[in-house]
Protein chains: 2
Amino acid sequence: MTRKGVTLKDVAAAANVSRATAARALNSYGYVGDQTALRVIEAADALGYRANRVAQALRSGQLPIVGYLPGDIQNPFFARIAHDLEVEFRKQGHNLLIASSEENVEQERELLESLRSLSVRGFILAPTSATDNQHILKLAREGAPIVLIDRVSENVRCDSVLVDNEGGAREAVDYLVANGHRRIALLRDESRIFTAQERLAGYRNSLQAHGIELDETLIGVSRSTVEHAIEATIRLFSRRDRPTALFTVDSLMTQGALLALRSMGLSIPQDVSLVGFDDFDLATFTDPQITVMAQPIAEIGPLAAQMLLDRLAGKKVAPRLTRFPTRLIVRGSVSHPKKR
Amino acid sequence: MTRKGVTLKDVAAAANVSRATAARALNSYGYVGDQTALRVIEAADALGYRANRVAQALRSGQLPIVGYLPGDIQNPFFARIAHDLEVEFRKQGHNLLIASSEENVEQERELLESLRSLSVRGFILAPTSATDNQHILKLAREGAPIVLIDRVSENVRCDSVLVDNEGGAREAVDYLVANGHRRIALLRDESRIFTAQERLAGYRNSLQAHGIELDETLIGVSRSTVEHAIEATIRLFSRRDRPTALFTVDSLMTQGALLALRSMGLSIPQDVSLVGFDDFDLATFTDPQITVMAQPIAEIGPLAAQMLLDRLAGKKVAPRLTRFPTRLIVRGSVSHPKKR
DNA sequence: TTGAAAGCGCTAACAG
DNA sequence: CTGTTAGCGCTTTCAA
């Protein structure tokens, strides 16, 4: 890529002023004569000048780029947030750099290091592990602006945007119990992941509140992809006394479960009732439609962006934590269990 | 963000050498004494040194970042490619900057300018318009490495990775015709978008080959979102002599069509047969499952990345164009039209 | 084999 | 109001 090479120097020369003056005119700061300013701006236009953001960054120590590290950009939840973040940051002249941790702590660590050395201005991060987080702590301690989304990381002092995972999961399971279920399976991701912990807690708390004993064999663990979820669901339901209901902790898993149950010839909700955490487009056109615990996804990205922007602008307040409520959307995937 | 501030200078000082030597040792080039090199590397480790990539970029004129400009990051097709690109580029020490054009030419132009001034090394681009592309032409002429994906842009000399849109669409419509359909509707996006043109051409060619006259009123235009597609589908099917079949040009539209048809009480395939371009996860668990023209999506990202990497490495060959074949996956959404 | 020095493009003290 | 100058952190001649 041949740098186009119209530099400030060229503009200054064309306008017959010094680089300093040209810079002042272009960035409108300090004193510049009206005439001069005009001349400079015209020269810049004529030459097609664009400031070299790398040079500016070297000087200021900051590249107008924000790093976004979701667990998986293919998950519609994170994709939606990516979109919203990009819109917000673009308004402020920042670009969004996306680097997926793929739920791998080591990769997250490296990515963070790499972005650090790039002098990106801040981070929007969905930490892969709630506890294995020395790297995040360090980053925060060094003063890097960080906003955590979807998940928290222990002891990190920074803003975060979450949803009420425990409450949402509890309510979902409550709903299954209210429909007469006692053998309720849970399909979740690894407990390293914060939301998995909270949603598991909600599941436990609901069962406990209803005096249902926890059966560990009813808990399936899977990666958050459709494929992995299919396998895990099959394992969960390939037993004699299979569960009458299933609660899945995210939309990819819900989709996997759907596929798996169908492949096993189990129909919803006659054979198995299903509730999923996180709504998804196609939930309404399966037959039956899927009952879900929806998250206010449209609010997460913009809020996180705003929080980070505040920090970038130097706002100094105690770390803020916003936890959005979730909302049960009752559709048709839950019914009373059949007597057997 | 307080720059951590371990610079090459610090390392050099700690190792008692000059910055030049330290740089040589760290980047292993030129002559450095074994002893010295070791000392430098140890010092760097001890201090936790990481090269400042911005400074390197200022010097080299290139930031190890690649820009990815899809039409919409929320479209699973582009999200999947984003993921694959990121993986490939990470292997080569490059980060991926994602900027969505939102199918807006003006925004695409600005984004490109902005990334240019950032000195990103190259671009993976799904151009919003096949013809309104002065900005892309200019970029290419200036020698910026560009790889076009999914769509081409007229007269731009650069590598591209496409699928056989015309052939795929034609085959899809052929299939509908073979099943006895004559009134086949098309739901597509704006003709500014390259794939829309090609898929429209395929639709036309198939009809023509079968001696079916083109009925413009059977062609619906919509933005590529589920919501817009719902509206457009309703318009298409709210007529007396409604079509017996529908061909949709991407997965988001297919989903919208599904939702719309159901809301109108039309069942698939009894009332309307449906074929969609681009496969999607849930196509197999609707009832009936949806017949689609699948694209080899797993191949697009890696190939595009490789092509760009070749260019970044200075490879000088004529622009390469790869056009992947598509594949009809017959499921259950097509049947013979009812007699009326 | 190593060091000194220049310079990438920009901004901001500081002087005038 | 404008110019001079230094320097951000790095790489790379060139000379020693």
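In what follows, every chain begins at residue 1, and chains take the letters A, B, ... in the order their sequences are listed. All heavy atoms count here, side chains included; hydrogens, waters and symmetry mates do not.
Between A:Asn52 atom CG and C:dG7 atom C1' there is a gap of 14 Å when expressed in whole angstrom units.
With a 6.0 Å radius and a threshold of 12 heavy atoms from other residues, nucleotides or ligands, A:Asp34 has its CG atom at or below the threshold. Within a 6.0 Å radius of OH in B:Tyr31, no more than 12 heavy atoms belonging to other residues, nucleotides or ligands are found.
Nucleotides of DNA chain D nearest to B:Arg19 and A:Tyr31 differ in position, and the one nearer the 5' end is that of A:Tyr31. With DNA chain D read from its 5' end, the first of the two nearest nucleotides for A:Val32 and A:Arg59 is the one closest to A:Val32. Two residues, B:Asn16 and B:Ala55, neighbour DNA chain C, and the one matched to the more 5' nucleotide by heavy-atom proximity is B:Asn16.
Not one side-chain nitrogen or oxygen of A:Ser60 sits closer than 4.0 Å to the OP1 or OP2 atom of D:dC8. Between D:dC10 and B:Tyr49, a contact under 4.0 Å exists linking OP1 or OP2 to a side-chain N or O. OP1 or OP2 of C:dG3 lies within a sub-4.0 Å distance of a side-chain N or O belonging to B:Ser18. Note on B:Thr36: every side-chain N or O is 4.0 Å or more away from OP1 and OP2 of C:dT1. Close to C:dG9, at under 4.0 Å from its OP1 or OP2, lies no side-chain N or O of A:Gln56. The side chain of A:Asn27 places an N or O atom within less than 4.0 Å of a non-bridging phosphate oxygen (OP1 or OP2) of C:dT11.
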Dump the intermediate steps for side-chain hydrogen bond (donor to acceptor under 3.5 Å, both in side chains) on B:Thr7 and B:Arg19, then the final yes or no. CA-CA 10 Å; B:Thr7 74; B:Arg19 279 152 41 196; over 6 Å; no

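With hydrogens and angles left out, the side chain of B:Arg24 and the base of C:dG3 share a donor-acceptor pair within 3.5 Å.
In this structure, A:Glu106 pairs ionically with A:Arg109, as a charged nitrogen and a carboxylate oxygen lie closer than 4.0 Å.
If you check every strand for non-hydrogen atoms under 4.0 Å, B:Val17 touches sugar and phosphate atoms only.
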